[in-house]
Protein chains: 2
Amino acid sequence: MLKHGILGLLSYYDRTGYEIMEVFKNSLSFMWNANTSQVYRELQNLKDSGFAQVTVIEQDGKPNKKVYSITEAGREELLQWAGDYENLKFPNFPILMKLFFGGMLPKEEAIAAIQKVKQVYCERGRELEKLLSCLDSYKAETENRNYAMFWDMTADFGRGYARFVADWCDRCVEQIEKSREENK
Amino acid sequence: MLKHGILGLLSYYDRTGYEIMEVFKNSLSFMWNANTSQVYRELQNLKDSGFAQVTVIEQDGKPNKKVYSITEAGREELLQWAGDYENLKFPNFPILMKLFFGGMLPKEEAIAAIQKVKQVYCERGRELEKLLSCLDSYKAETENRNYAMFWDMTADFGRGYARFVADWCDRCVEQIEKSREENK
DNA sequence: AAGACCATGTAACCAGTTACATGATTAG
DNA sequence: CTAATCATGTAACTGGTTACATGGTCTT
């Protein structure tokens with residue numbers, strides 16, 4: 001998965017591993033968690049498979065850069081991946097797995113846990129909102145506004161998802177509180 | 001993650017690897033994809049860590065069963081995991097990663113892809129709905145209805161999520177169609 | 001002087017996936 | 001007789017995580 005994500009970013013323009021990490025960290029974290037070591041490893045793999053090439057750029061003073069660019073074979077691979085919606089995977093939801101066994105916690109603790117989840121997701125939502133306003137100014141510069149439409153759609157998903165989770169947390173807390181009163 | 005999920009199921013009552021798989025496949029697939037080989041491996045790990053024990057039950061004719069049960073150490077581990085909501089991970093969303101690069105597809109193809117996503121999620125939603133009605137009868141038998149409340153909450157998430165994705169798909173298709181008309 | 005930012009990775013590990021392998025019983 | 005269900009796994013691989021490692025520049 002990450003492999004193709006990197007390939008996609010390279011298809012926009014050439015980048016270093018560091019720059020790719022930045023994009024994932026600052027802009028795409030709502031859809032994918034990437035970590036440095038994996039990014040560098042995948043870049044190596046991409047090169048080995050002939051999907052990307054590397055150009056070393058020497059810098060005065062600063063450490064050298066390795067700028068990666070996508071190859072023709074890489075573009076083909078990317079396009080075929082981007083159009084393949086067969087056997088799509090459903091995500092795993094760690095919070096659900098945990099909350100499924102929430103019945104073994106004291107109710108106060110369960111409530112606190114859910115409120116923490118909510119808080120984290122609200123924070124996420126706010127970050128995304130900030131990101132979106134940055135994106136707007138960036139989109140104006142972009143030549144291909146067809147791409148931008150799809151960026152918006154994914155961001156819209158992220159925003160909606162954060163809200164959905166927060167609302168669900170509220171319902172959960174309400175329900176636990178109600179059951180607590182009934183047991184009095 | 002799966003390790004603790006299995007431990008949780010064992011905390012309700014003893015089970016074989018096969019029975020654990022059944023639960024994941026039939027009831028928990030909306031929150032976690034488990035596959036057979038991993039389940040058996042994790043059961044082995046659980047045993048090696050002293051969190052579970054195994055009893056071999058010989059069956060006449062049929063192949064032997066290995067029934068796993070949770071140990072005291074296992075219960076402690078489970079409880080501490082179930083209450084730990086620090087550094088919770090956000091899920092990765094493969095569809096988003098893909099759709100982010102949807103701009104490189106012909107619009108008709110992109111629309112078809114999203115409609116496929118919608119269809120798959122609607123199907124999921126219907127499966128869940130069926131599951132929920134089964135769960136209701138099962139819950140009646142259960143002694144501890146505190147647990148059942150948490151099962152409901154996770155199922156409610158699943159249902160809501162399926163609906164959320166389907167609605168989002170509709171909005172995406174609409175948007176692409178609108179942009180197609182503008183470009184005429 | 002301290003901390004953020006730029007820039008690169010390796011090694012070991014853990015978790016999840018795919019493919020392969022076997023074999024009996026039971027229901028249609 | 002065929003397919004589904006019960007029941008167990010191993011091996012190899014892929015993908016993601018954690019910890020470790022280095023070192024310069026630029027800003028406060």
Side-chain angles (χ1 to χ4, degrees), chain A residues 1-7 14-26 28-29 31-49 51-52 54-68 77 81 86-94 97-98, chain B residues 1-7 14-26 28-29 31-49 51 54-68 81 86-94 97-98:
Chain A
M1 238 326 75
L2 182 63
K3 180 175 92 166
H4 290 102
I6 292 173
L7 215 45
D14 301 353
R15 296 171 208 248
T16 67
Y18 185 82
E19 286 162 348
I20 290 166
M21 256 318 288
E22 291 273 280
V23 178
F24 276 100
K25 209 176 57 193
N26 301 328
L28 304 181
S29 59
M31 64 165 91
W32 208 267
N33 305 296
N35 49 16
T36 325
S37 48
Q38 205 193 345
V39 167
Y40 283 108
R41 190 174 54 193
E42 292 301 342
L43 281 169
Q44 189 59 48
N45 292 156
L46 246 27
K47 204 185 72 179
D48 293 346
S49 327
F51 296 148
V54 69
T55 319
V56 179
I57 294 189
E58 284 171 41
Q59 294 185 117
D60 40 325
K62 292 185 206 166
N64 293 351
K65 272 186 186 181
K66 285 185 169 185
V67 178
Y68 288 84
E77 170 69 19
W81 168 80
E86 297 304 313
N87 33 30
L88 24 92
K89 298 225 168 292
F90 295 92
N92 288 345
F93 294 97
M97 185 89 113
K98 214 164 255 215
Chain B
M1 239 325 74
L2 181 62
K3 181 174 93 167
H4 290 104
I6 293 173
L7 215 45
D14 301 352
R15 296 171 209 248
T16 66
Y18 185 81
E19 287 162 348
I20 290 167
M21 256 319 287
E22 291 274 281
V23 178
F24 276 101
K25 208 177 58 191
N26 300 329
L28 304 181
S29 60
M31 64 166 91
W32 207 266
N33 305 295
N35 49 17
T36 324
S37 49
Q38 204 193 345
V39 167
Y40 283 109
R41 189 175 54 194
E42 291 301 339
L43 280 169
Q44 188 58 50
N45 292 156
L46 246 25
K47 204 185 73 180
D48 292 346
S49 327
F51 296 149
V54 71
T55 318
V56 179
I57 295 188
E58 283 172 41
Q59 295 184 116
D60 41 326
K62 291 185 207 166
N64 293 350
K65 271 186 186 180
K66 284 184 169 184
V67 178
Y68 288 84
W81 169 80
E86 297 303 315
N87 33 29
L88 25 92
K89 296 224 168 292
F90 295 92
N92 288 345
F93 294 98
M97 185 87 112
K98 216 165 253 215

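Quick note: numbers below take in every heavy atom, side chains included, and nothing from hydrogens, waters or symmetry partners.
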List for me each residue that meets side-chain hydrogen bond (donor to acceptor under 3.5 Å, both in side chains) alongside A/Asp48, sequence neighbours excluded, and say none if there are none. A/Gln44
To the nearest Å, give me how far apart CD1 (B/Ile57) and C1' (C/dA24) are. 18 Å
With sequence neighbours left out, the residues meeting side-chain contact (heavy atoms from CB on, under 4.5 Å) with A/Val39 are A/Leu2, A/Ile6, A/Ile20, A/Met21, A/Ala34, A/Leu43
Is the backbone of A/Asn33 close enough, under 3.5 Å, to the side chain of B/Asn92 for a donor and an acceptor to pair up by distance? yes
For A/Asn92, answer base if it contacts any base atom (sugar-phosphate contacts may also be present), sugar-phosphate if it contacts only those atoms, and nothing otherwise; contact means non-hydrogen atoms under 4.0 Å. nothing
A/Asn35 has its side chain closest, among C/dT8, D/dT18, C/dA7, to D/dT18
Starting the side chain at C-beta, find the nucleotide from C/dT17, D/dA7, C/dG16 nearest to A/Lys89. C/dT17
Rounded off to whole Å, could you give me the CZ-to-P distance for the B/Arg15 and D/dC6 pair? 14 Å
Residue set satisfying ring pair (Phe, Tyr, Trp, His ring centres under 6.0 Å) with B/Trp81, at least two apart, ordered chain then number -> B/His4
Side chain of A/Glu22, heavy atoms from C-beta onward: which of C/dT18, C/dT8, C/dC6 has the nearest atom to it? C/dC6
Nearest-nucleotide check on DNA chain D, A/Trp32 vs B/Gly17; residue mapping nearer the 5' end is B/Gly17
Check salt bridge (charged side-chain N to carboxylate O under 4.0 Å, His left out) between A/Glu22 and all other residues, then give those that pass, not counting sequence neighbours. A/Lys25
So which heavy atom on A/Asn45 is nearest to which on A/Ser49, and how close? O-OG, 2.7 Å
How close do B/Lys3 and B/Glu42 get, heavy atom to heavy atom, and via which atoms? CB-OE1, 3.8 Å
Residues of residues 36-45 of chain B with any non-hydrogen atom less than 4.0 angstrom from an atom of DNA chain C: list those, numerically ordered, please. B/Ser37, B/Gln38, B/Arg41
Residues in ring pair (Phe, Tyr, Trp, His ring centres under 6.0 Å) with A/Phe90, at least two apart? B/Tyr121
Whole angstrom value for the distance that separates C1' of C/dA4 from CG of A/Asn26: 14 Å
Please round to 10 degrees the angle between the axis of the first five pairs and the axis of the last five pairs in the helix from C/dA1-D/dT28 to C/dG28-D/dC1. 40°
So, using side-chain contact (heavy atoms from CB on, under 4.5 Å) as the criterion, who are the partners of B/Thr16 when residues are at least two apart? B/Tyr18, B/Glu19, B/Lys65, B/Val67
By salt bridge (charged side-chain N to carboxylate O under 4.0 Å, His left out), A/Lys89 pairs with (sequence neighbours left out) none
Find the distance B/Met1:CE to C/dC13:P and express it as a whole number of Å. 22 Å
Distance in angstrom units between B/Phe90 CZ and D/dG16 P, rounded: 18 Å
Atom-pair distance (OH on A/Tyr18; C1' on D/dT22), nearest Å: 15 Å
Measure from the side chain of B/Leu2, starting at C-beta and using heavy atoms only, and say which of C/dG16, D/dT5, C/dC5 lies closest. C/dG16
Could you tell me how far apart B/Glu19 (CD) and D/dT8 (C1') are, to the nearest whole angstrom? 13 Å
B/Lys65 side chain: which of C/dT8, D/dA7, D/dG16 is closest? D/dA7
What contact category does A/Lys3 fall into here, base, sugar-phosphate, or nothing, at under 4.0 angstrom with non-hydrogen atoms? nothing
Separation of C/dA7 P from A/Tyr68 OH (nearest whole Å): 14 Å
